[in-house]
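I have placed the structure first, in the form of C-alpha cells, so that the comments after it can refer back to it.
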Amino acid sequence: MDKKKIAVPLVCHGHSRPVVDLFYSPVTPDGFFLISASKDSSPMLRNGETGDWIGTFEGHKGAVWSVCLDTNALRAASASADFSAKVWDALTGDVLHSFEHKHIVRACAFSEDTHLLLTGGVEKVLRIYDLNRPDAPPREVDKSPGSVRTVTWMHSDQTILSSCTDMGGVRLWDVRSGKIVQTLETKSSVTSAEVSQDGRYITTADGSTVKFWDANHYGLVKSYNMPCTVESASLEPKYGNKFVAGGEDMWVRVFDFHTGDEIACNKGHHGPVHCVRFSPGGESYASGSEDGTIRIWLTGPLTHDGTEPFAANGSVGKVKVTAEDVSRKIEGFQVAEEGKTKEKETGKE
C-alpha cells in the first residue's frame, strides 16, 4: 500500500472549552459558513472555506450543545444547558427569539423551509416552534422514550429523526400525526445522525460502529466497525464515496464508503473528537474536539484515479469568497481584523 499523504489542517482557535457540535450552511451567494457549539456558552460563526472567524453569538449562560444555520445562513439557532434555545440574526449577532425550556436543551434544527425550529433535550419532549409566530406555544410531538440527543428533519419537513442519550436506536416521527413510525435499532446510543445532502442515506455513529441506512425504506445499507469509540460521522456529500469519523482516540479518519477501508488518518487534536462534518461541496471537512479547537481538513480536488492531492501548506488553490467580502456582508457583527486579537465588543455605537 502506498504511503498515505499527510494533511495539514487549518486550525481555528477561539473557543475556551470543548467544541461539541459543528454545522455547515448550504452554499449561499456569499459562500458557505460554519457554526460551532462549545461548552464555553458562545457559538462562533466562520467562513466555511477559510475558517476565518466572523463573529461570536453572546447571550447563553450555560454550555451550548447544538447549533445550526438556516438554508440561507441568515439565522442561527443554538440549544443550551441554560434551559433555552435561541434564534439569532446571523448578520448582526442579535438574539431574535429565546425559547425557554424546563431542562437542558441538547439539540436544535431548522426546517428546510426555514419557518420552523425543532428542539429536544433532557425533558424527553420534541418541540416545534413556528418562527412566523414565535409567541405562540410550540407544538409538542409524542413523548420521546429517552432524553433527546440529536434531531434533524427529513423528507421535505414531513419526518423528524431523533436519537436518545440513554438508549440505542434512531426514531422517525411523522410530523403530521406526531407519532413514531419507524425505529432503526442500534446496540449503543446514537451520538451523531446526519441525513445525506441527496436525501438517500442516514449516517449514524453508535459506540464503535458507523452505519448507513436507506433514508426512504429504512433498511440498513452498510455497517462498519471503527478502530475506537466514535462520536460522530459524516458522508461526503458530492460523490458519497467516502466518509469521515472521529472519536475517543483523537484522530480524524477517512474511510471508503463502499469497502470500509481506511483512506487517511489525520492526527493533530489533543483531545477526543466530538464532532465531524463535511463541507457542502465535499472539498473539506471539519472536526471539533475536547481541546477547544476546530480543524478544517482539505481534501483537494478529486483526481481521475480517485486519489486526492492534499495541499502541503494547508491552502486551497482558489478561494471563492474572501474574508473582506464576508466582512462587508456582516459589518457591525464583531468582525475580526487580520492580525488583531479577538475582542468581545458590542460593535454598537
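None of these values were measured; they are calculated from a predicted model. Heads up: numbering here begins at 1 and tracks the sequence.
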Notebook entry, point to check: How far apart are the C-alpha atoms of W297 and S284, what are their side-chain angles, what is the distance that settles it, and do they pass the side-chain hydrogen bond (donor to acceptor under 3.5 Å, both in side chains) test?
Noted result: CA-CA 5 Å; W297 311 84; S284 61; over 6 Å; no

Notebook entry, point to check: Can L45 and L69 be said to form a side chain to side chain contact (heavy atoms under 4.5 Å, CB included), step by step?
Noted result: CA-CA 10 Å; L45 186 68; L69 292 162; 4.1 Å; yes

Notebook entry, point to check: Taking it one step at a time, do E112 and T114 satisfy side chain to side chain contact (heavy atoms under 4.5 Å, CB included)?
Noted result: CA-CA 5 Å; E112 200 179 307; T114 75; over 6 Å; no

Next item on the list: Might you work through the salt bridge (charged side-chain N to carboxylate O under 4.0 Å, His left out) test for D174 and K179, ending with a clear yes or no?
Entry: CA-CA 6 Å; D174 181 288; K179 303 287 184 191; over 6 Å; no

Next item on the list: Go through S36 and L22 one step at a time and tell me if the side chain to side chain contact (heavy atoms under 4.5 Å, CB included) criterion holds.
Entry: CA-CA 5 Å; S36 53; L22 293 169; 3.7 Å; yes

Note to self: Quick one, R127 with L118, criterion side chain to side chain contact (heavy atoms under 4.5 Å, CB included). Give me CA distance, side-chain angles, the key distance, then yes/no.
What the structure shows: CA-CA 6 Å; R127 290 186 174 87; L118 170 66; over 6 Å; no

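Between the side chains of W213 and T204, at least one donor N or O lies within less than 3.5 Å of an accepting N or O. Side-chain contact, T28 with D30: no donor N or O sits under 3.5 Å from an acceptor N or O. Donor-acceptor pairing under 3.5 Å is lacking for the side chains of Y201 and N216. No side-chain N or O of S80 forms a donor-acceptor pair with one of W65 less than 3.5 Å apart. Defined by atom type and a distance below 3.5 Å, a donor-acceptor pair is missing between the side-chain atoms of T159 and W153.
Across H270, H269, H15, a single residue satisfies side chain to side chain donor-acceptor pair (under 3.5 Å) together with D291, and that is H269. Evaluated for a side chain to side chain donor-acceptor pair (under 3.5 Å) with T150, the options S66, S163, S192 yield exactly one hit, S163.
Neither V151 nor V190 shares a network with the other; the hydrophobic side chains, linked directly or stepwise wherever heavy atoms of I, L, V, M, F, W or Y lie under 4.5 Å apart, form separate groups for each. Under the 4.5 Å side-chain heavy-atom criterion for grouping Ile, Leu, Val, Met, Phe, Trp and Tyr, L96 is not connected to V67 through any hydrophobic cluster. There is no path of hydrophobic side-chain contacts, each under 4.5 Å, that joins M154 to V148. If you chain together hydrophobic residues whose side chains sit under 4.5 Å apart, I263 and V252 fall into the same group. Linking ILVMFWY residues whenever their side-chain heavy atoms come closer than 4.5 Å, directly or via other members, places L220 and V195 in the same cluster.
For S111 (side chain) and L116 (main-chain N/O), a donor-acceptor pair under 3.5 Å exists by modelled atom type. The closest donor-acceptor contact from the side chain of Q197 to the backbone of P280 lies under 3.5 Å. Remark: the backbone N or O of F33 is paired with a side-chain donor or acceptor of S25 at under 3.5 angstrom. Although no hydrogens or angles enter the test, the distance criterion places a donor-acceptor pair under 3.5 Å between the side chain of T299 and the main chain of E283. No donor-acceptor pair closer than 3.5 Å links the side chain of R253 to the backbone N or O of E262. In terms of modelled atom types and a separation under 3.5 Å, the side chain of N72 and the main chain of L74 share no donor-acceptor contact. Not one N or O on the side chain of T183 forms a donor-acceptor pair closer than 3.5 Å with the backbone of E185.
The hydrophobic cluster containing M250, built from Ile/Leu/Val/Met/Phe/Trp/Tyr side-chain heavy atoms closer than 4.5 Å, also comprises W251. Grouping Ile, Leu, Val, Met, Phe, Trp and Tyr by side-chain contacts under 4.5 Å, direct or through others, leaves V125 on its own.
Sorted by first then second residue, the salt bridge (charged side-chain N to carboxylate O under 4.0 Å, His left out) pairs that include residues 7-21, not counting sequence neighbours, number zero. The list of salt bridge (charged side-chain N to carboxylate O under 4.0 Å, His left out) pairs with a residue in residues 270-280, not counting sequence neighbours, reads E194-R277. Counting only residues at least two apart or in different chains, salt bridge (charged side-chain N to carboxylate O under 4.0 Å, His left out) contacts with residues 73-88 comprise D70-R75. Among residue pairs with one or both ends in residues 112-140, those qualifying as ring-ring contact (aromatic ring centres under 6.0 Å, His included) are F99-Y129, H101-Y129; sequence neighbours excluded.
Salt-bridge annotation for K242 and D256: absent, with no side-chain N of the basic residue lying under 4.0 Å from a carboxylate O of the acidic one.
Taking S208 as the reference, nothing meets the side chain to side chain donor-acceptor pair (under 3.5 Å) condition, with sequence neighbours excluded. Checked against ring-ring contact (aromatic ring centres under 6.0 Å, His included), W88 has the following partners two or more places apart in sequence or in another chain: F57, H60. By the side chain to side chain contact (heavy atoms under 4.5 Å, CB included) test, H13 pairs with V11, T293, sequence neighbours left out. When the side chain to side chain contact (heavy atoms under 4.5 Å, CB included) test is applied to T229, the partners found at least two apart in sequence or on another chain are E248. Qualifying side chain to side chain donor-acceptor pair (under 3.5 Å) partners for K211, counting only residues two or more places apart in sequence or in other chains: D206, T209.
Atom-to-atom distance recorded for S78:OG and I35:CD1 is 7.0 Å, nearest 0.5 angstrom. Residue C68 holds its SG atom at 5.0 Å from CZ of F110, rounded to the nearest 0.5 Å. Atom CZ in R171 sits 4.5 Å away from atom SG in C164 (nearest 0.5 Å). Distance check, rounded to the nearest 0.5 Å: SG of C275 to CD1 of I294 gives 7.5 Å. Between the NZ atom of K222 and the CG atom of L235 there is a distance of 11.5 Å, given to the nearest 0.5 Å. To the nearest 0.5 Å, atoms CZ (R149) and OG1 (T191) are separated by 5.5 Å.
A 6.0 Å sphere centred on NZ of K143 holds more than 12 heavy atoms belonging to other residues, nucleotides or ligands.
Closest approach of G51 and R46 over heavy atoms only: O-NH1, 3.2 Å. Between E236 and G282 the shortest heavy-atom distance is OE2-CA, 3.5 Å. When all heavy atoms are compared, the tightest approach of V210 to A245 is CG2-CB, 4.3 Å. Across every non-hydrogen atom of E123 and K102, the tightest pair is OE2-N, 2.9 Å. Between P227 and F255, the shortest heavy-atom contact is CD-CZ, 4.1 Å. The heavy-atom pair separating Q182 from Y218 by the smallest distance is CG-CD1, 3.5 Å.
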Under 3.5 Å, sequence neighbours excluded: what are the donor-acceptor pairs made by side chains of residues 130-137?
from: D130; atom 1: OD1; to: N132; atom 2: N; distance (Å): 2.9

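Close placement of the F212 and F257 rings is indicated, their centers lying within 6.0 Å of each other.
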